[in-house]
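Only a predicted model underlies this, so the values are computations on that prediction, with no experimental measurement involved. FYI, the numbering just counts along the sequence from 1.
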Amino acid sequence: MNSSKTGRMRSAVTVVAAVLMSVSSVVGSGTAAAAPDCAAVGGRSAVVAKIPGSALEGLAVDASGRAYVTDIVSGRVYRIDAPGQPAYPIAKVPSGGGGALAWMPDGTLLVGYGADPRVFVGDLVKAAGIVRLDVESLVVTPFATGLSAANGLAVAADGTVYATNDFGSLIGRIGPDGSVDPAWARFPSANGAVLDAAGQYLYVSRTFVNPGVSRIPIANPSAPQSLLNLSGLDSFAAPDGLTLDDAGRPVIPLNAGGSVVRIDSPGSTCVIGTGTRLTSVVVYGRSEQGFSSGRLFGAGFDGVVREIPGPTA
C-alpha cells in the first residue's frame, strides 16, 4: 500500500475512533444497558491480549482454540495461541485494512478488506473484497471482489458468503460457484453478520441508521424482521459485530455503550458484560483449550482482546 493510501486509511480510522470515543462520553456505560443483568453474569471483562497501535475489526477462533484478529490500520491478520499469549502477524490483506473474519466449511479463513474511506461510497465504487487464508500454510489467495464492503461476513454450510457495509445499504452475496452479487439485499447500515444454525436467517446489527438488530430471511431478503430497536441515548450505543449463543440468541457488543447484551426475545434484552467500550466484535470460543468453548471473547478498536465473563454459550 502506498503512503498516500496508508495516510487516508489512518485518517479514516482516527475519525471513526474519535466519533466513537465522543459518543461514549455522552452515552456512558449504562445505555441499552438499563436492561437487567443476564443470569450467572460473571462481572467486568478482562484483557487477554493487546496489540498497541491497532484497531481490531475481525475476530475468529479455530477448532484448536487459537484466536485470529484483523487490524484495520495495518491490514494485518494476527494469531493469538491462547489468552495471555502474545499476538503475532501471520498475513496481510491486499488493501484497505483488515475487515471481518469468517470460516469456510473447508477450514480456511475468509478475511474482508476495503476498510478505508471508500466504505463511505462503497455502494457506488464496490472496491472491497475478500481473500482466503489457509491458517496452517499461511497462503493467501483471492476469493471475491466487487463488493460494497466486508464489515461483516457470514458463511452458510454450502459455502455461500454474505458481506455487509455499515456505511452503505448493500449486502453482497458470493455463491458457492464464486459468483458475486453485490446487491443481494438492500439494508442500510448492516454491520455485524451471522447466520443461524439452520441457515434460514442472516442476523445483522444496525450501527448508524435506525440502530438495533434485525434478522433477514434468506429466502426473502426484502422482508427483514427487527429484533431490537434503540432510541434516545441508546441510539448512539453503536451495535457492532454480533454472534449467536447455543440457544440461537443474538449477543451484541455496544461499542460506544460499553456493554455486551443478549436478545432473549424481540425487544427484550439482558446485559452479559460491561467494561467493553470500543469492542467491535464478539465470538464464543471453541475446543477444550486456549480460547475455549463456552467462553465469550471480544476484540476492539482500542487494540484489546477481552474475555467477557457471563453465561456459557
**Prompt:** Under 3.5 Å, is there a donor-acceptor pair linking the side chains of N191 and D240?
**Reply:** yes
**Asked** Sub-3.5 Å donor-acceptor pair from the side chain of D166 to the main-chain atoms of A190, do we have one?
**Response** no
**Request:** Nearest 0.5 Å please: distance from the CH2 atom of W103 over to the CG atom of D62.
**Result:** 4.5 Å
**Asked** Below 4.0 angstrom, N of the basic side chain to O of the carboxylate: do R79 and D81 qualify?
**Response** yes
**Item:** Heavy-atom donor-acceptor pair, R286 side chain to V61 backbone, under 3.5 Å
**Value:** yes
**Complete:** Distance col, row Y203:OH vs L195:CG, nearest 0.5 angstrom, shows 10.0 Å
**Asked** What distance do T243 atom OG1 and L59 atom CG have between them, rounded to the nearest 0.5 Å?
**Response** 9.5 Å
**Prompt:** Is there a side-chain contact between P105 and V155, using heavy atoms and a 4.5 Å cut-off?
**Reply:** yes
**Prompt:** Can S148 and D123 be counted as having a side-chain donor-acceptor contact under 3.5 angstrom?
**Reply:** yes
**Fill in**
Residues A91 and V140: closest non-hydrogen pair is CB-CG2, 3.9 Å
**S226-R206 side chain donor-acceptor pair, cut-off 3.5 Å** = yes
**Asked** Between the side chains of T276 and R306, does any donor sit under 3.5 Å from an acceptor?
**Response** no
**Asked** Are a donor atom and an acceptor atom from the side chains of N220 and S222 found within less than 3.5 Å of each other?
**Response** yes
